[in-house]
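Worksheet for the structure shown next.
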Amino acid sequence: MNRSISWTKVVALAVALVMVLSGCGAASGGKTSGAAQASAGGGQAGKAEGGNLTFALATSPDTLDPHRSGLAVAVRAIRTIYDNLVVQLPDGSIKPWLAKDWSVSKDGKSYTFKLREDVKFHDGTPFNAEAVKYNLDRVIDPATKAANSLALIRPYSSSEVIDEYTIKVNLSAPSQAFLGNLSQALLGIVSPTAAKKYGDQLGKNPVGTGPYTFVKWDENADIVVAKNKDYNWGPDTVENKGAPYIDTITFKIVPEEATRIGSVQSKQVLAAETVPPQNIAALKSDPNQQLLQANTVGLPYTLFFNLRKAPWDDVKVRQAVQSAVDVESIVKTLYLGNYERAWSALSPGILGYDKALEGSITPDINRANQLLEEQGWVKGTDGIRVKDGKKLTLRYVDGSPNREKRNDIAAIIQQQLKPLGIAVEVVITKDIATVIYQNWDYDLYGNSQVNSDPNALYAFYHTSAEGERPTLSGLSDPKIDQLLEQGAVETDSAKRVEIYSQIQKYLIEQAVILPIYVFPYTVAASKNVEGIKFDSLGYPLFNDVRIQP
């Protein structure tokens, strides 16, 4: 019996330290402002039940099919509808959920799970080994067009149904991330009956085993889920293992941040996510509101150069941009001390984060100019550099709406690079799926990912295999490929840390990326809302929520 991988002990120490430093206690899964501490404790103050929690989201989910989603915002709702085989606690340990127990083969390539026998999907379909096999196979089936779930499930190859409630899962290679990844919402277990019935439309008709059942989704307006009265198998991340206390949750989609936070203050909604930095101080001092916050871990918000396009395939041109961009100024100006600056491809709190990179890059406009001149880029009469008759332009693509002030980052970088002689073309689009992931039409694009293991770097920096979706960076370096492959299977935690340190240093030295900020997930809520908690990755949990009169 092996319910945790050896490296989780290291993760436990790292995550625990982050939570101590940030005020995120494991008991509540998050932190609150001092004024809100007493009222955010998970329903201990009363026995209130029923009611509708209105919760404003910053953007619209792409889909409620966990296997096809690529957006963190979708997980807010996905977590209410679906359960996972295992759960990861804030200390990094892996505990049972839909799986009661498991064992791991000596070679680390097979996991045998014993499943709960008392679980049914919302549509009445039995939860069993056949359902789990269907889900795992569905993720790797090209017809599913899986998104982030595909990277999470690797190196899954097949599974065998031993009996109705026992399944053997086979990997093509050992993976130190696999078990922890099974706890992530995007590997939630969907109803096989519903998946076959709805096909590509499962995302609009989601069916899981979770504490809430899907009611409706009005496009760009709201998503409604209702209490699953039969629920009785909550994970160790919540106190209430049974049916939720409240009747329904209405996720309101409110992209405009002033409107979103104003709707909490005016009591049009009871809670709203992603509090703008300029509103945090006021919310902390508001006697009618509480501020809940959880640190996220994984890959911080990072700008990726597209190394497939000239001149960004030239390391010195990338290093010139790296030297000219003042990240510290950007983060302080836009986030007012509420967001941490990112220094690496990984965020603090995750196994292998290289603290030595902090402070390693400082703005140096003289060096930036020298690097471009060495590469033959000469300023023209209009101040824009030219080489071989071609102007030095950078196509910076970002999405709409202005999530976390990311459009503002683009505008500031445009101004910071102008004196260097780089013309930055800022393109704001609602169709990121086409522009970025189909046409790959960008020189610089920002993204982040919530994840529990440094193996997340594999999907962003390993050379893409034929037929696979290309990486955002387009990096292809055999040395980095080898390190990423070693990091995925290495069982010695200290060796894993060293492997990922080498990778992080390379990405900064070669200016493959520009790390910008570490995202703190914040929720503004009315004082009469109790029991909103957060999982180990910073996603909200609603099993314990009560609404006091």
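Everything quoted here is computed from the prediction, not taken from an experiment.
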>> Does D326 form a salt bridge (charged side-chain N to carboxylate O under 4.0 Å, His left out) with K332? I'd like the steps, not just the answer.
In response: CA-CA 10 Å; D326 187 347; K332 285 183 177 179; over 6 Å; no
> Would L98 and L115 count as a side-chain contact (heavy atoms from CB on, under 4.5 Å) if you check the C-alpha gap in whole Å, the side-chain angles of each, and the deciding distance to 0.1 Å?
Replying inline: CA-CA 6 Å; L98 293 181; L115 308 177; 5.7 Å; no
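- Looking at heavy atoms from C-beta onward, K391 lies in side-chain contact with T393 at the 4.5 angstrom threshold.
- The closest side-chain heavy-atom distance from Q184 to Q88 is not below 4.5 Å.
- Using a 4.0 Å cut-off between charged side-chain N and carboxylate O, R138 and D65 make a salt bridge.
- Taking the six-membered ring where tryptophan is involved, the planes of F178 and Y111 are tilted, since the angle between them lies from 30° to 60°.
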>> For Y500 and L351: C-alpha separation, side-chain torsions, deciding distance, then whether side-chain contact (heavy atoms from CB on, under 4.5 Å) applies.
In response: CA-CA 9 Å; Y500 288 111; L351 178 78; 5.5 Å; no
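- When all heavy atoms of N148 and G70 are compared, the closest pair comes out as ND2-O, 3.8 Å.
- Looking at E485, its side chain never comes within 3.5 Å of a backbone N or O of H462 through a donor-acceptor pair.
- Side chains of D535 and T237: a donor-acceptor N/O pair is absent below 3.5 angstrom, by distance only.
- The 12-atom threshold is not exceeded at NZ of K495, counting heavy atoms of other residues, nucleotides or ligands nearer than 6.0 Å.
- Proximity of P96 to W102: side-chain heavy atoms (C-beta onward) are separated by under 4.5 Å at one or more points.
- Looking at D314, its side chain never comes within 3.5 Å of a backbone N or O of A310 through a donor-acceptor pair.
- When all heavy atoms of Y442 and T471 are compared, the pair lying nearest together is OH-O, 4.1 Å.
- Judged by distance alone, the side chain of E273 and the main-chain N or O of A58 form a donor-acceptor pair under 3.5 Å.
- Judged purely by distance below 3.5 Å, without hydrogens or angles, the side chains of D91 and S93 pair a donor atom with an acceptor atom.
- At a threshold of 4.5 Å between non-hydrogen side-chain atoms, the residues L336 and I280 do not count as touching.
- Residues I350 and G298 approach most closely at CD1-CA, 3.9 Å, considering heavy atoms.
- When only modelled atom types and interatomic distance are considered, S158 and N170 share a side-chain donor-acceptor pair under 3.5 Å.
- Distance alone, capped at 3.5 Å, is enough to place a donor-acceptor pair between the Q319 side chain and the E509 backbone.
- Here the OH atom belonging to Y335 is positioned 13.5 Å from the CZ atom belonging to R341, to the nearest 0.5 angstrom.
- When only modelled atom types and interatomic distance are considered, E404 and Y517 share a side-chain donor-acceptor pair under 3.5 Å.
- Counting only heavy atoms from C-beta outward, the side chains of I503 and I499 approach each other to under 4.5 Å.
- To the nearest 0.5 angstrom, L64 atom CG is 8.0 Å from S69 atom OG.
- Within the 4.5 Å cutoff, the side chain of L420 has no heavy atoms near those of the W377 side chain.
- With values rounded to the nearest 0.5 angstrom, L179 atom CG is found 5.0 Å from I94 atom CD1.
- Between the side chains of D408 and N402, at least one donor N or O sits under 3.5 Å from an acceptor N or O.
- Of all heavy-atom pairs between P300 and S347, the closest is CD-N, 3.7 Å.
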>> The test is side-chain contact (heavy atoms from CB on, under 4.5 Å); show your working for I330 and V325 and say whether it passes.
In response: CA-CA 9 Å; I330 292 171; V325 172; 4.1 Å; yes
>> As a quick check of understanding, evaluate salt bridge (charged side-chain N to carboxylate O under 4.0 Å, His left out) for D200 and R68, giving each step before the final call.
In response: CA-CA 9 Å; D200 289 349; R68 301 184 71 175; 3.1 Å; yes
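- Using a 4.5 Å heavy-atom threshold, the side chains of V512 and F305 count as separate.
- When every heavy atom of A185 is checked against every heavy atom of I78, the shortest pair comes out as O-CG2, 3.8 Å.
- Here the CG atom belonging to L89 is positioned 5.5 Å from the CG atom belonging to D236, to the nearest 0.5 angstrom.
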>> Go through it in stages, so that I can follow the logic: the residues are Q322 and L371, the test is side-chain contact (heavy atoms from CB on, under 4.5 Å), and I'd like the CA-CA distance, side-chain angles, deciding distance and then a yes or no.
In response: CA-CA 11 Å; Q322 181 188 58; L371 286 166; over 6 Å; no
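- At a threshold of 4.5 Å between non-hydrogen side-chain atoms, the residues I508 and W343 do not count as touching.
- Side-chain contact, R406 with N447: no donor N or O sits under 3.5 Å from an acceptor N or O.
- Under 3.5 Å, the side chains of D354 and S501 contain a donor-acceptor pair of N or O atoms.
- Under 4.0 Å is where a charged nitrogen must lie from a carboxylate oxygen, and between K379 and E373 no such pair does.
- Looking at R496 and E490, no side-chain N of the basic residue comes within less than 4.0 Å of a carboxylate O on the acidic one, giving no salt bridge.
- The shortest non-hydrogen separation linking G208 to Y82 is CA-CD2, 3.6 Å.
- In this structure, OH in Y461 is found 10.0 Å from CG in L484, a value given to the nearest 0.5 Å.
- No more than 12 heavy atoms of other residues, nucleotides or ligands sit less than 6.0 Å from atom CD of Q482.
- A donor-acceptor pair under 3.5 Å is formed between the side chain of K387 and the backbone N or O of Q375.
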> Which is it for K309 and D441 under the salt bridge (charged side-chain N to carboxylate O under 4.0 Å, His left out) test, yes or no, and what are the steps along the way?
Replying inline: CA-CA 9 Å; K309 296 179 67 176; D441 187 18; 3.6 Å; yes
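- Put simply, the side chain of N306 never gets that close to the backbone of D443: no donor and acceptor are under 3.5 Å apart.
- At a cut-off of 3.5 Å, with distance as the only test, no side-chain donor of T59 or R403 sits close to an acceptor on the other residue.
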>> Could you go through F304 and F460, starting from their C-alpha distance and side-chain angles, then the distance that decides it, and tell me whether this counts as ring pair (Phe, Tyr, Trp, His ring centres under 6.0 Å)?
In response: CA-CA 10 Å; F304 294 81; F460 286 82; 5.6 Å; yes
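- Using the six-membered ring where Trp is involved, Y521 and F519 have ring planes that are perpendicular, over 60° apart on the 30 and 60° scheme.
- A side-chain donor-acceptor contact under 3.5 Å links S105 to the backbone of K109.
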